[in-house]
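Reading through the structure tokens given below for one structure.
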Amino acid sequence: MRKKKRRQSAIGNRQSAIPIPSVLSLLPLPSSAVFFFFVLARATQLHSSQMASAIPSLSSATAFTSRRPLLDNLKQANVKLGTPNQSTLLGKDHIRAKSFTRKSMTSAVEVSRFGDITMAPPDPILGVSEAFRADTHEMKLNLGVGAYRTEDLHPYVLNVVKKAENLMLERGENKEYLPIEGLAAFNKVTAELLLGAQNDVIQQQKIATVQGLSGTGSLRLAAALIERYFPGSKVLISSPTWGNHKNIFNDARVPWSEYRYYDPRTVGLDFHGMISDIKAAPEGSFVLLHGCAHNPTGIDPTPEQWESIADVIQEKNHIPFFDVAYQGFASGSLDTDASSVRLFAARGMELLVAQSYSKNLGLYAERIGAINVVCSSSDIAQRVKSQLKRLARPMYSNPPIHGARIVANVVGNSDLFNEWKEEMELMAGRIKSVRKKLYDSLSAKDNSGKDWSFVLKQIGMFSFTGLNNAQSENMTNKWHVYMTKDGRISLAGLSSAKCEYLADAIIDSYHNVS
Ligand code: KET
């Protein structure tokens with residue numbers, strides 16, 4: 001029905017209702033030329049007023065007596081030739097034949113079908129890296145995207161990742177399709193890493209785990225599940241939050257609203273605002289929570305506050321939906337950073353958890369993560385999993401294998417697992433040390449009496465500086481420090497050597513730009 005409508009609008013009101021003679025479908029193969037003649041001639045007739053220059057070539061194409069030149073012509077124009085049965089002739093190929101004629105027409109009259117599409121704005125986070133690359137200043141500093149760099153500010157591939165890749169190469173593994181739900185060994189270890197292997201939820205198989213295209217793809221799959229099975233349900237997201245959350249729910253057509261989270265006066269958590277907004281939301285809403293290292297604020301609830309958040313979510317029959325993109329990266333401990341999720345699971349609550357291995361294993365470009373749905377029984381979990389697979393299949397069919405194998409090898413091998421934990425502590429430790437050095441530099445250089453201790457209190461990769469849009473722009477335009485316009489800086493992209501320079505830039509922007 002929708003297809004039919006689109007077809008009609010594509011050819012406009014002038015379409016003559018010429019039925020394609022069904023007898024064509026019965027003709028032997030060479031007669032497909034007759035059919036394409038028919039299609040081309042019809043299009044020619046439809047657009048004849050605009051196509052003066054295109055007509056000769058089209059009509060000459062139809063005049064070929066042999067089939068070969070016609071095939072070449074159509075091939076060149078991207079027209080797929082198939083068996084001339086009725087479905088291909090009247091289906092996709094029919095549309096393609098028409099788009100071929102249109103392509104020729106547009107080049108002839110310089111009218112684009114895409115002319116009304118406006119330029120999209122650069123992405124507020126990934127766009128920062130593009131701008132950074134274009135800057136040639138020697139002091140430039142990229143604190144935009146949350147990606148770990150070494151003290152020399154080079155990207156870092158973990159040793160355990162290299163070791164796992166060597167193992168994979170030695171084994172000579174194949175590249176066949178994964179099942180829709182992903183690599184079984186990965187799905188097993190990722191759920192165990194999240195909840196602990198001995199967790200009841202795992203022992204009783206109450207969890208549906210599907211490998212996703214990293215954190216983003218896993219969130220998107222969950223959003224599709226919400227859209228399909230909880231139509232009209234709202235997702236509550238923190239204010240502020242990671243910039244892509246809103247895009248994900250918008251594109252999945254899931255309504256969302258914000259709950260208070262950050263209090264600029266205390267540069268801390270607006271706990272009462274958060275609780276009362278979650279309480280006020282319609283019963284049965286989804287509440288999106290950052291499992292640890294809240295992005296962009298770096299402010300997490302305390303364990304006691306997590307208990308109260310769980311209380312109110314339970315009272316209101318809401319469904320907790322965790323985004324865990326920094327497990328191990330906040331505290332340096334995988335278990336500590338999963339404690340919020342485990343606290344909810346221990347209450348027997350149903351919940352969703354999206355996981356990412358971009359940061360903690362440095363697998364940014366491998367696009368490896370998972371969506372987990374903790375259900376009240378294994379039977380329900382199986383059904384949920386089947387529906388997640390059903391949603392994934394038409395979106396991307398099945399996920400990539402390389403990153404899944406790396407994770408399965410690292411987590412599933414006790415030597416590599418222990419080595420990973422050491423490397424993660426090292427990364428988390430380097431971020432903590434530049435955090436401290438930045439705080440020291442700010443305190444030493446700024447004699448206005450401003451309290452910069454919030455830099456020390458925040459955790460994870462980022463510091464939410466409190467700089468406003470104009471001040472953040474000054475950081476970039478005057479100081480060549482690239483950061484997001486909400487005032488967030490990624491400390492994972494900072495070296496000790498650049499702390500003083502960064503402190504100068506922050507102090508200047510804070511005091512001299514309003
Ligand atoms: N959740 C959060 C909270 C998050 O910060 C990110 C990435 C993701 C999910 C998704 O990451 P993925 O690579 O899809 O697993 N954040 C950083 C990168 C980005 O914006 O894509 C960032 O905030 O810089």
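Counting starts at 1 for both ligands and their atoms, in listed order. Values below: every heavy atom of this structure, side chains too, minus hydrogens, waters and symmetry copies. Nothing fancy with the numbering, it's 1 onward along the sequence.
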query: Do any pairs count as a side chain to side chain donor-acceptor pair (under 3.5 Å) and have a residue in residues 310-323, sequence neighbours left out, and if so which ones?
result: H245-D323, E283-N317, D311-R347, Q314-R347

- prompt: Has ligand 1 got any nitrogen or oxygen that is less than 3.5 angstrom from a nitrogen or oxygen of H290?
  reply: no

Within a distance under 4.0 Å of any heavy atom of [X], pick out the atoms of ligand 1 and give their elements.
X    : result
G146 : 22 (C), 24 (O)
V145 : 18 (C), 24 (O)
S356 : 12 (P), 15 (O)

- prompt: Do L219 and W242 come close enough that some side-chain heavy atom pair is under 4.5 Å?
  reply: yes

- prompt: With a 3.5 Å cut-off and no angle check, do the side chains of W256 and N250 form a donor-acceptor pair?
  reply: yes

Which of the listed options, [options], holds the heavy atom that is closest to [atom]?
atom                    : options                : answer
atom 14 (O) of ligand 1 : T241, T216, L219, I248 : T216
atom 13 (O) of ligand 1 : S358, S129, G215, A293 : S358
atom 16 (N) of ligand 1 : R488, H294, K359, R367 : K359

- request: Could you tell me whether ligand 1 has any atom less than 4.0 Å away from a heavy atom of D323?
  value: yes

- prompt: Are the side chain of R435 and the backbone of F462 linked by a donor-acceptor contact shorter than 3.5 Å?
  reply: yes

- prompt: D263: what forms a side chain to side chain contact (heavy atoms under 4.5 Å, CB included) with it, not counting sequence neighbours?
  reply: R265, T266, D270

Ligand 1 versus [X]: contacting region, heavy-atom distance under 4.0 Å:
X    : value
Y326 : side chain
N295 : side chain
S214 : both
I125 : side chain

- line: When distances are taken from atom 21 (O) of ligand 1, the protein heavy atom at minimum range is W242 CZ2, 3.6 Å

query: Are the aromatic rings of Y357 and Y364 close, with centres under 6.0 Å apart?
result: no

message: Quick test of your reading of the model: are K445 and E500 salt-bridged, counting only N-O distances below 4.0 Å?
response: yes

message: As a quick check of understanding, evaluate salt bridge (Lys or Arg N to Asp or Glu O under 4.0 Å) for D277 and R260, giving each step before the final call.
response: CA-CA 7 Å; D277 288 349; R260 280 167 284 173; 2.9 Å; yes

